[in-house]
Amino acid sequence: MPKPGEFIALLRSEPGYISGQALAKKAGISRSAVWKQIKALRKYGYTVESRHGLGYRLAGQTDLPVPWELVKVLRTSFLGTKVIFREIVDSTQNLAVSLADRYDSHGAAVIAEQQKSGRGRQRRKWLSPKGGVWLSVVLKPDMPTAKITLLPFVASLAVCETIRAIGLNARLKWPNDVMISGKKVAGILLDISAEAEHVNYAVIGIGINANVDSAAISAHIDNVKVTSISDELGRSVSRLELVTALLENLERYYLEMEQRGAIAILQEWKKNSEMLGRKVTVTQNDRTVQGVAVEINEDGSLMLRTGDGDINVVSGDITLRY
Ligand code: BT5
């Protein structure tokens, strides 16, 4: 049985219609197997026309980041050279973590069109309907364990740049949210396995509300304002193009951090953030602290100027006060 990538290549090589019989012969499969392949391609988002007496014609490309399309356009050296794509999965993060111990997993990406149990930080839920970009990448970083918490800054910066390149004013909010006009469009999650001196692996999860109805997500959430790229643009975007640009930006920033450290990344991150100098409320579990966000420290923590002096916050959620 040909793989979807091989079968789509057969259809593509025909400018007009190709009969089911000719397709079956070229692919070395039965006519009914051809029909199954056509059905599968339609599920992957391709438009395949069928006409009685003429056969099949490829009339529209997919916008999904399926591996056989990504491989043709992606200009990375290692990130995304191995891709697992699923229409639906519990969580790309869980699948990626289960693969991470394999010796050849560095750079592998797991992408899904929909997640049933998407995860946020601290066991929070991440709503992941069809239309979004739900992606996890496995990395085996050559960097000290203490620096690993900076990886989400690399990822959120890459997401922010990718969204800005399509003309939207994406901004970063500590620790790793990507926002448009104060509404969350993307979030980052990090899972690691590390010893004191050595990182076994890091899995970075990236969720981007690409072509989703943000009102439908908001209906289930009360503490965060939500938006999506399609709601901001008033049209859908190609998730294939979005993921391609994202993986390219992520690899570039990751290599920069591995080779030169995180200072330049944090500088760039700060330039894309609107929170420094602003009054913020930090919520950590049930505790809240108020102050002015004055700096992102070299370890990624947030320096907060409070009435009682400066404190460094390592984790929590920020609300900007106006
Ligand atoms: C995050 O957590 O922002 C990290 C989200 C990471 C999701 C990706 S998708 C691919 C990979 N596979 C996974 O299973 N996860 C990763 P946090 O900062 O804890 O934010 C979670 C909070 O955001 C929730 O409690 C909700 O309030 C809100 N939220 C949930 N779904 C959302 C969505 N689709 N868009 C915006 N906000 C959402």
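Keep in mind that the numbers below use all heavy atoms, side chains included, and drop hydrogens, waters and symmetry copies. Every number for a ligand or one of its atoms is a count from 1 in the order of the listing.
Ion pairing of Glu113 with Arg86 is absent here, as no side-chain N (NZ or NE/NH1/NH2) approaches a carboxylate O to less than 4.0 Å.
Each side-chain hydrogen bond (donor to acceptor under 3.5 Å, both in side chains) pair with one or both residues in residues 71-80, not counting sequence neighbours, appears once here: Glu69-Lys72, Arg75-Glu248, Ser77-Glu251. Within the structure, side-chain hydrogen bond (donor to acceptor under 3.5 Å, both in side chains) contacts touching residues 138-154 (residues at least two apart or in different chains) are Ser105-Lys140. Pairs passing the ring pair (Phe, Tyr, Trp, His ring centres under 6.0 Å) check and including a residue from residues 36-76, sequence neighbours excluded, read Tyr44-Trp68.
The closest side-chain donor-acceptor pair between Asn200 and Ser193 falls under 3.5 angstrom.
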For this session: Take Ser214 and Asp231 through the side-chain hydrogen bond (donor to acceptor under 3.5 Å, both in side chains) test and state the conclusion after the steps.
Result: CA-CA 7 Å; Ser214 48; Asp231 283 347; 2.4 Å; yes
Pairs under 3.5 Å, nitrogen or oxygen of ligand 1 with protein nitrogen or oxygen:
residue, atom, partner, partner atom, Å
ligand 1, 2 (O), Arg121, N, 3.2
ligand 1, 3 (O), Lys184, NZ, 2.8
ligand 1, 12 (N), Thr92, OG1, 3.1
ligand 1, 12 (N), Gln93, N, 3.4
ligand 1, 12 (N), Gln115, OE1, 3.0
ligand 1, 14 (O), Ser91, OG, 2.7
ligand 1, 14 (O), Arg119, N, 2.7
ligand 1, 15 (N), Arg119, O, 2.8
ligand 1, 18 (O), Arg121, NE, 3.0
ligand 1, 18 (O), Arg121, NH2, 3.1
ligand 1, 18 (O), Lys184, NZ, 3.3
ligand 1, 19 (O), Arg121, N, 2.9
ligand 1, 19 (O), Arg124, NE, 2.8
ligand 1, 19 (O), Arg124, NH2, 2.9
ligand 1, 20 (O), Lys184, NZ, 3.1
ligand 1, 27 (O), Asn223, OD1, 3.1
ligand 1, 31 (N), Leu127, N, 2.9
ligand 1, 34 (N), Leu127, O, 2.9
ligand 1, 34 (N), Asn209, OD1, 3.0
ligand 1, 35 (N), Asn209, ND2, 2.9

